[in-house]
Protein chains: 2
Amino acid sequence: MEFKAPKKKIQTMADLAREAGVSASTASRALRNSPLISKETIERVQSVAKEHSYRPHLGARNLRLKKNNVIVLVLPFNYAEEEVLGNPYIFKIIGTIGSKLREIGYDLLLSQMDGISEQIDDRYVHAGIAEGAIILGRGDNDPSKLERLVETGIPFVILGPILDNQTYCSVGIDNRASASMAVHHLAKLGRKRIAIVSDNREDPNAESYARFQGYKQALEELGLAYDQNLVGTSTDSGQSGYAAVQQLLCTAPDLDAIFVATSDVVAISVMQALRNAGKKLPEDVAIVGFDNIDLCNFVSPALTSISQRLKDKVASLLVEKLLDQINGKPAESVMLNGTLVVRRSCGSQTDYPLRV
Amino acid sequence: MEFKAPKKKIQTMADLAREAGVSASTASRALRNSPLISKETIERVQSVAKEHSYRPHLGARNLRLKKNNVIVLVLPFNYAEEEVLGNPYIFKIIGTIGSKLREIGYDLLLSQMDGISEQIDDRYVHAGIAEGAIILGRGDNDPSKLERLVETGIPFVILGPILDNQTYCSVGIDNRASASMAVHHLAKLGRKRIAIVSDNREDPNAESYARFQGYKQALEELGLAYDQNLVGTSTDSGQSGYAAVQQLLCTAPDLDAIFVATSDVVAISVMQALRNAGKKLPEDVAIVGFDNIDLCNFVSPALTSISQRLKDKVASLLVEKLLDQINGKPAESVMLNGTLVVRRSCGSQTDYPLRV
DNA sequence: CATGCCTGTGCAATCGATTGCATTGCGCAT
DNA sequence: ATGCGCAATGCAATCGATTGCACAGGCATG
């Protein structure tokens with residue numbers, strides 16, 4: 001509350017105006033280079049402002065203009081908990097979204113929420129704190145919550161798959177096609193007993209469901225039989241890869257490839273578990289992960305993974321679509337294709353070489 | 001701008017007051033359970049408010065109260081760039097800080113900045129957007145910038161080491177002591193040729209400098225000679241571990257341990273590089289990293305690392321110290337001790353066992 | 001000389017919630 | 001019956017920037 005002012009306290013527009021010998025309205029216009037004001041006045045006001053390093057109070061401006069240039073970024077899961085591990089991916093997206101928003105003069109409010117819908121409305125948008133929301137994934141939320149959020153008229157976009165009949169805008173990758181691609185690749189290497197590790201949600205709206213469908217679809221296209229014994233279960237935590245491997249080696253000891261549909265972090269623990277069990281990678285078992293995090297390059301063997309082209313594309317699209325809505329334009333959902341980045345866990349010889 | 005109101009539009013305090021048959025001031029007091037207002041009126045106003053799901057406009061309230069319940073979290077490096085990789089650690093801290101702030105009714109604004117000082121002041125605090133700042137590390141910033149920030153009177157805390165004569169509050173771990181601990185542990189395993197990989201900043205204020213000092217101090221205490229050939233250089237990126245190993249194997253082919261002072265991610269790539277060079281881990285070379293990220297458990301061999309007890313301690317302290325300042329209390333810097341988490345990269349046999 | 005127009009500037013209202021002070025009405029004591 | 005005090009409520013100012021409208025002065029034109 002108590003600042004030591006440099007000389008005289010120029011805190012408000014009125015102070016500034018007094019110092020420059022004009023009215024507050026003139027000062028305001030002068031700072032914004034209004035054509036209504038004479039050049040001399042503009043220069044004088046601006047130089048006084050600079051001298052006293054005056055900054056307009058944005059809270060007051062926002063109130064008057066009914067604007068605020070803030071969007072809220074919602075993490076539906078609790079990232080303070082252990083599951084953080086799963087997502088260098090999300091972190092990158094957050095950073096990129098932040099940069100994009102800054103470019104266009106918006107600030108980013110970070111929020112962790114469980115019950116998505118009402119809170120965004122009550123606490124941020126209707127409260128005049130933010131103009132819209134970017135939601136990073138549906139988390140465990142019932143899709144109906146998002147439909148209710150639509151009814152409030154709040155602009156928002158969500159990162160995630162497109163559901164049937166959804167009336168809002170989402171940006172996501174085509175999980176089904178990406179998963180299929182992974183399996184096709186493994187088959188091309190000659191693998192016949194291709195397992196999947198997935199978190200196996202029943203929910204047809206979950207990403208893992210789409211990935212699982214892609215797995216089955218690929219098997220069918222390849223003429224391979226779907227075998228329940230080749231299906232392993234994991235959560236999002238690194239440790240859960242161990243359990244999945246333990247299970248799979250029991251039900252299908254002859255497996256020769258695993259598509260870890262959950263995430264790269266789980267895939268890394270899967271590889272570790274396989275090694276502990278005496279398997280040679282990639283000779284005995286080939287692995288494909290999901291997300292293409294940077295660490296894929298630095299584990300042994302380097303991990304083949306599906307890249308979601310996150311950095312530019314996803315973040316820009318989220319921001320762009322949200323702004324369209326804020327500006328009253330309709331925004332349609334987008335589905336991106338993943339790409340497969342092949343590394344040595346699939347027999348590629350392209351690991352970083354070390355010349356000694 | 002154009003919402004479809006449920007029935008009548010109750011957007012402002014005045015609307016609500018009209019609907020409840022009272023004045024705006026009474027309505028305002030009623031919502032806040034003022035003892036000045038009769039019980040019946042309070043109930044009536046609150047029920048009307050609930051019925052129309054009225055929410056006060058926080059921007060207006062903040063303007064009036066000269067408050068805003070927002071703090072800005074500053075990432076001094078650009079996390080949108082590749083270096084993100086280095087820090088699952090930072091991400092966890094952000095999540096935990098967010099939770100702590102929410103508990104006490106504060107929101108968190110995320111900001112990426114290069115020139116720290118002026119921007120925080122101009123854009124956020126003096127502009128009435130935020131009440132204070134938590135700065136996650138000094139980045140490449142000149143310490144004088146922070147001293148200038150002190151002069152503005154803005155409440156802030158910084159995550160990082162305590163510098164000599166610094167007049168603001170910082171929370172950090174004792175890098176020197178932690179590094180020393182790592183080296184002592186390696187020596188206890190019988191290693192004699194202990195190398196260090198560090199980003200080797202000249203800057204005596206850098207964390208890496210303190211860690212390097214700890215390394216030298218430990219060698220001295222142990223009666224081991226400091227050897228320039230045992231010093232490798234890395235940046236923060238995973239890839240840089242490869243170069244460091246290449247260099248070290250050339251200058252000191254007889255090394256039997258490496259303390260990777262940069263980060264665990266670099267340590268993981270160091271291990272990978274060593275393996276590619278035909279070294280057996282941990283038999284030929286023992287490794288200790290820094291940060292104790294979750295992945296330490298899931299690489300092979302599991303990585304021994306220094307834990308910064310980040311989740312609770314660091315985040316709470318940052319928040320607590322900042323709030324003290326906002327409330328006018330002085331806040332003193334704190335230095336925490338790291339702890340060494342021993343895993344198999346140092347010969348421990350405590351990796352996750354797999355029972356098949 | 002009077003009217004009109006244009007350039008610059010200031011007044012006052014506005015955004016929405018809060019709060020010091022004034023006001024009303026009622027009960028109780030003198 | 002008059003006055004005092006207290007409980008409830010409303011009025012109006014406030015936070016700080018913005019903007020529609022009114023107004024002053026200068027110059028040119030009929």
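Every chain is numbered from 1 and lettered A, B, ... according to where its sequence line falls, protein lines coming before strand lines.
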**Asked** Considering residues at least two apart in sequence or located in another chain, which fulfil the side chain to side chain contact (heavy atoms under 4.5 Å, CB included) criterion with E147(A)?
**Response**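 V150(A), Q166(A), T167(A), Y168(A).
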**Exceeds 12 heavy-atom contacts within 6.0 angstrom, atom CG of N165(B)** =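 It does not: N165(B) CG has 12 such atoms or fewer within range.
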**Message:** Between Y54(B) and E19(B), is there a side-chain donor-acceptor contact under 3.5 Å, judged purely by atom types and distance?
**Reply:**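 The criterion, which ignores hydrogens and geometry beyond distance, is not satisfied for Y54(B) and E19(B).
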**Request:** Check whether any side-chain heavy atom of D107(A) lies under 4.5 Å from a side-chain heavy atom of R102(A), and answer yes or no.
**Result:**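 Side chain of D107(A) against side chain of R102(A), heavy atoms only: contact under 4.5 Å found.
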**Asked** Start at the 5' end of DNA chain C and walk down; is the nucleotide closest to H57(B) or to L36(B) reached first?
**Response**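 Upstream on the strand: H57(B).
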**Asked** Do you know which two heavy atoms are closest between G98(A) and L108(A), and how far apart they sit?
**Response**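 Closest pair (atom of G98(A), atom of L108(A), distance): CA-CD2, 4.1 Å.
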**Asked** What closest approach, in Å, do I93(B) and A315(B) show between heavy atoms, and which atom pair accounts for it?
**Response**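 Closest pair (atom of I93(B), atom of A315(B), distance): O-CB, 4.4 Å.
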Could you pull out every donor-acceptor pair under 3.5 Å between side chains of residues 35-42 of chain A and any protein atom, sequence neighbours left out?
from, atom 1, to, atom 2, distance (Å)
S38(A), OG, T41(A), N, 3.4
S38(A), OG, T41(A), OG1, 2.8

**Asked** Side chain of S25(B), base of dC11(D): donor and acceptor closer than 3.5 Å?
**Response**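 For S25(B), whose side chain was compared with the base of dC11(D), there is a donor-acceptor pair (under 3.5 Å).
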**Asked** Base, sugar-phosphate, or nothing: which does R29(B) touch, judged by heavy atoms less than 4.0 Å apart?
**Response**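 Base: the residue R29(B), judged by heavy atoms under 4.0 Å, touches a nucleobase.
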**Request:** Without swapping roles, check the side chain of N68(A) against the backbone of V70(A) for a donor-acceptor pair under 3.5 Å.
**Result:**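 Yes.
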**Request:** Can you pull out how bent the helix from dC1(C)-dG30(D) to dT30(C)-dA1(D) is, comparing the axes over its first five and last five pairs, to 10°?
**Result:**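 The helix from dC1(C)-dG30(D) to dT30(C)-dA1(D) shows an end-to-end axis angle of 80°.
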**Message:** Reading DNA chain C in the 5' to 3' direction, which nucleotide is the first one with an atom under 4.0 Å from a heavy atom of chain B, and which is the last?
**Reply:**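 The protein-touched segment is dG16(C) to dG20(C).
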**Asked** Of all residues at least two apart in sequence or in a different chain, which pass the salt bridge (Lys or Arg N to Asp or Glu O under 4.0 Å) check with R18(B)?
**Response**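 For R18(B), the residues satisfying salt bridge (Lys or Arg N to Asp or Glu O under 4.0 Å) (neighbours in sequence not counted) are D15(B).
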**Request:** For DNA chain C, find the residues of residues 37-46 of chain B with a heavy-atom distance under 4.0 Å and give them by number; none if there aren't any.
**Result:**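 Of all residues in residues 37-46 of chain B, none places a heavy atom under 4.0 Å from DNA chain C.
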**Message:** Measuring from atom CD of E131(B) to atom NZ of K66(B), what distance do you get when rounded to the nearest 0.5 angstrom?
**Reply:**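 So the gap between those two atoms works out to 13.0 Å.
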